Enquirer: 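This is the structure I want to talk about, given as structure tokens.
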Amino acid sequence: MSTSPSTPSRQLRLGLFVQALGHHVGGWRAAGANGSPTDIDWFTWIAQKAEEGTFDMFFVGDALATSVHRLPSTMSRLEPLTLLAALAVNTRHIGLAATASTTFDQPFHLARAMASIDHISHGRAAWNVVTSFSSDAARNFSRDDLPSHAERYEVAREFLEASCKLWDGWEKDAIVRDKQNGVYALDEKIHAANHKGKHFSVQGPLNISRSPQGRPVIIEAGSSPAGQQLAAETAEVVFTAAATLEEGQAFYRSQKQYVAAAGRNPDHLLILPGVMPIIGRTKAEAQETWYQLNQLVDIDNGIEQLSARFGFDLGDYPLDGPVPDVGATEGGQSRVKLLTDLAARENLTLRELAAVAAGSRGHRVVVGTAEEIADDFQLWLEQQGADGFNIMPAVLPNQLELFVELVIPELRRRGLFREEYQHATLRENLGLPEPAINFANVKSA
């Protein structure tokens with residue numbers, strides 16, 4: 001593989017997927033692990049370290065119920081939009097992305113919150129749109145269970161439609177601040193949403209002016225056919241999981257085809273698989289780090305995680321027997337398929353799959369030196385398996401520090417990653433176009 005420092009035609013986009021205690025299930029127990037999931041100073045350090053490495057974005061996930069398997073990193077967590085607002089005033093360049101569910105919110109509230117974060121950060125906000133798959137979350141919102149998979153995606157599509165009407169309701173030059181004539185804003189440039197659909201009725205207009213990006217960058221993570229179709233119509237970044245380059249290429253081709261069929265430019269949707277790099281200054285050091293981490297995996301915890309993901313209790317199945325047939329599931333369909341395909345491909349027992357799934361949270365692991373990790377990333381980029389990656393440090397702070405200290409300079413040496421931020425907004429730094437304003441379905445307020 002070429003490692004020439006000449007700038008290639010494409011460069012990697014990198015997100016930092018943040019778990020306050022590290023992504024490996026045993027990472028919080030590792031020597032040197034640090035941090036607290038409710039310490040804003042800790043999150044600020046992580047965001048500033050990522051900004052030092054010129055990552056495109058800091059991303060924090062969310063769940064609306066306490067984890068049934070009581071992982072320290074998921075038992076207690078800051079509300080993500082509140083967290084982004086705090087980080088916005090402690091960073092200057094890195095994008096700030098958070099998960100929020102369309103199943104348990106309202107378009108006006110969430111559109112206003114995201115526009116606020118975009119203003120506070122001067123144009124660095126992103127929203128990871130999810131539909132939620134936890135029945136525990138449903139019971140925290142006065143529901144007995146979740147709507148079906150199909151209905152959740154139907155709701156999400158309409159939620160996004162209403163949100164975009166709200167964001168687009170303010171024209172760029174609506175605020176004129178005409179002191180002489182006493183006119184602060186032009187009414188004819190502020191438009192009501194007037195949205196009336198099956199699931200939502202939203203009058204508008206939004207009570208906050210157009211934000212620097214116009215809309216937050218829209219991220220989605222569903223890899224089921226319904227998820228891919230929604231992403232093709234509405235998303236600008238897709239988070240996914242792929243165990244092999246061949247799987248990554250297949251998803252990449254499929255998702256880009258969906259985008260083209262939806263009448264959009266496939267280059268305007270970036271695909272970032274999650275990956276957990278285990279970095280060492282030597283190969284042996286990296287392998288030893290990975291070995292030691294896996295000694296910290298609680299297999300009972302792993303079985304609980306798989307059970308929650310698969311939607312039924314695996315505790316009665318023999319650990320050293322085959323992975324049971326999952327069948328259809330209303331939960332996270334794409335991640336379940338990834339895990340069952342991995343088990344079939346590598347002939348894993350239930351015990352082995354539980355250890356892998358618990359340790360890496362179902363994502364790909366790359367163990368090696370900075371050069372070996374850069375080789376892997378370059379291969380995926382050049383072979384159209386990804387537009388970049390969502391980096392999942394196994395242990396904090398060590399693995400993030402090593403990525404910034406060792407991997408980022410190697411990627412830069414190869415011309416695969418930026419030397420510095422070149423633009424003010426996240427959308428610009430990702431190479432994404434400004435959203436077109438469409439007032440066809442709105443009327444003046």
Side-chain angles (χ1 to χ4, degrees), residues 13 15-16 18 40 43-44 47-48 50-51 55-62 78-102 105-130 156 159-175 177 185 189-191 193 202 204-220 234-237 239 268-270 421-439 442:
R13 308 299 181 186
L16 180 69
V18 177
I40 187 57
F43 281 107
T44 298
Q48 290 176 342
E51 191 167 68
F55 275 79
D56 287 281
M57 72 178 87
F58 170 109
F59 164 63
V60 59
D62 193 31
L78 295 173
E79 192 283 315
L81 301 187
T82 307
L83 172 60
L84 292 197
L87 294 177
V89 298
N90 286 292
T91 54
R92 289 291 176 266
H93 305 287
I94 193 168
L96 300 169
T99 291
S101 174
T102 57
D105 212 320
Q106 289 289 320
F108 190 95
H109 172 258
L110 197 49
R112 183 189 186 201
M114 292 305 311
S116 297
I117 292 170
D118 206 46
H119 274 292
I120 294 168
S121 66
H122 303 292
R124 295 182 284 129
W127 171 22
N128 179 42
V129 180
V130 300
F159 196 115
L160 279 163
E161 179 186 351
S163 297
C164 287
K165 289 178 181 178
L166 289 165
W167 290 320
D168 292 349
W170 283 74
E171 297 187 44
K172 285 183 179 180
D173 54 354
I175 296 178
R177 293 185 177 88
K189 291 182 178 290
I190 304 172
H191 307 266
V202 186
L206 203 60
N207 58 348
I208 184 171
S209 60
R210 187 173 181 82
S211 70
Q213 293 187 114
R215 306 174 187 173
V217 171
I218 300 298
I219 305 168
E220 292 168 28
T234 61
E236 295 162 294
V237 175
F239 291 157
H268 294 167
L269 185 142
L270 304 173
Y421 294 102
Q422 297 178 328
H423 303 285
T425 70
L426 171 59
R427 185 178 299 282
E428 291 173 309
N429 281 320
L430 289 172
L432 297 171
E434 184 177 354
I437 301 174
N438 182 357
F439 296 114
V442 294

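Just so it is clear, the model here is predicted, and its values are computed rather than measured.
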Enquirer: Quick one: are W170 and I208 in side-chain contact, heavy atoms under 4.5 Å?
Expert: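 They are not in side-chain contact.
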Enquirer: Going by salt bridge (Lys or Arg N to Asp or Glu O under 4.0 Å), name the pairs with one or both residues in residues 425-436, residues two or more places apart or in two chains.
Expert: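 Of all non-adjacent pairs touching residues 425-436, those that pass salt bridge (Lys or Arg N to Asp or Glu O under 4.0 Å) are K172-E434, E236-R427.
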Enquirer: Assign the ring pair Y421 / H93 to parallel, tilted or perpendicular, where the plane angle (0 to 90°) is split at 30° and 60°.
Expert: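 Rings of Y421 and H93: parallel, under 30°.
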Enquirer: Would you say the side chain of E171 lies within less than 4.5 Å of the side chain of H191, judging by non-hydrogen atoms?
Expert: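 Side-chain contact under 4.5 Å: yes.
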Enquirer: Counting C-beta onward and ignoring hydrogens, is there a side-chain heavy-atom pair between I219 and M57 closer than 4.5 Å?
Expert: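 Heavy-atom side-chain distance check passes, below 4.5 Å.
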Enquirer: Look at the side chain of D118 and the backbone N and O of P216, then say whether any donor-acceptor pair between them is shorter than 3.5 Å.
Expert: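 Flag not set: sc D118 to bb P216 has no pair under 3.5 Å.
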Enquirer: With no hydrogens and no angle check, is any side-chain donor or acceptor of R124 less than 3.5 Å from a backbone partner on T91?
Expert: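 Confirmed, R124 side chain pairs with T91 backbone.
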Enquirer: Quick check for you: to the nearest 0.5 Å, what is the distance between L426 atom CG and H122 atom NE2?
Expert: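 Taking CG in L426 and NE2 in H122, the distance rounds to 15.0 Å.
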Enquirer: Would R215 and D168 pass as an ion pair if we require N to O under 4.0 Å?
Expert: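 Answer for the salt bridge query: yes.
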Enquirer: Which residues satisfy the side-chain contact (heavy atoms from CB on, under 4.5 Å) test with A86, sequence neighbours excluded?
Expert: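 Expected list: I40.
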Enquirer: With a 4.5 Å heavy-atom cut-off, do R13 and L432 have their side chains touching?
Expert: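 SC-SC contact between R13 and L432 ruled out.
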Enquirer: Could you pull out all residues at least two apart from D56 that satisfy salt bridge (charged side-chain N to carboxylate O under 4.0 Å, His left out)?
Expert: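 Only R418 meet the salt bridge (charged side-chain N to carboxylate O under 4.0 Å, His left out) criterion with D56.
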Enquirer: Does the E51 side chain pair with the main chain of R92, one donor and one acceptor, at a distance under 3.5 Å?
Expert: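 It does hold such a pair.
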Enquirer: Please confirm whether the backbone N or O of V130 pairs with a side-chain atom of T102, one donor and one acceptor, at under 3.5 Å?
Expert: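 Pair found, side chain donor or acceptor close to backbone of V130.
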Enquirer: So L81 and L110, do their side chains get closer than 4.5 Å, heavy atoms only?
Expert: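 The answer is yes, as the side chains (C-beta and beyond) meet within the 4.5 Å cut-off.
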Enquirer: Is any side-chain heavy atom of I120 closer than 4.5 Å to one of L84?
Expert: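 No. Closest side-chain heavy atoms not under 4.5 Å.
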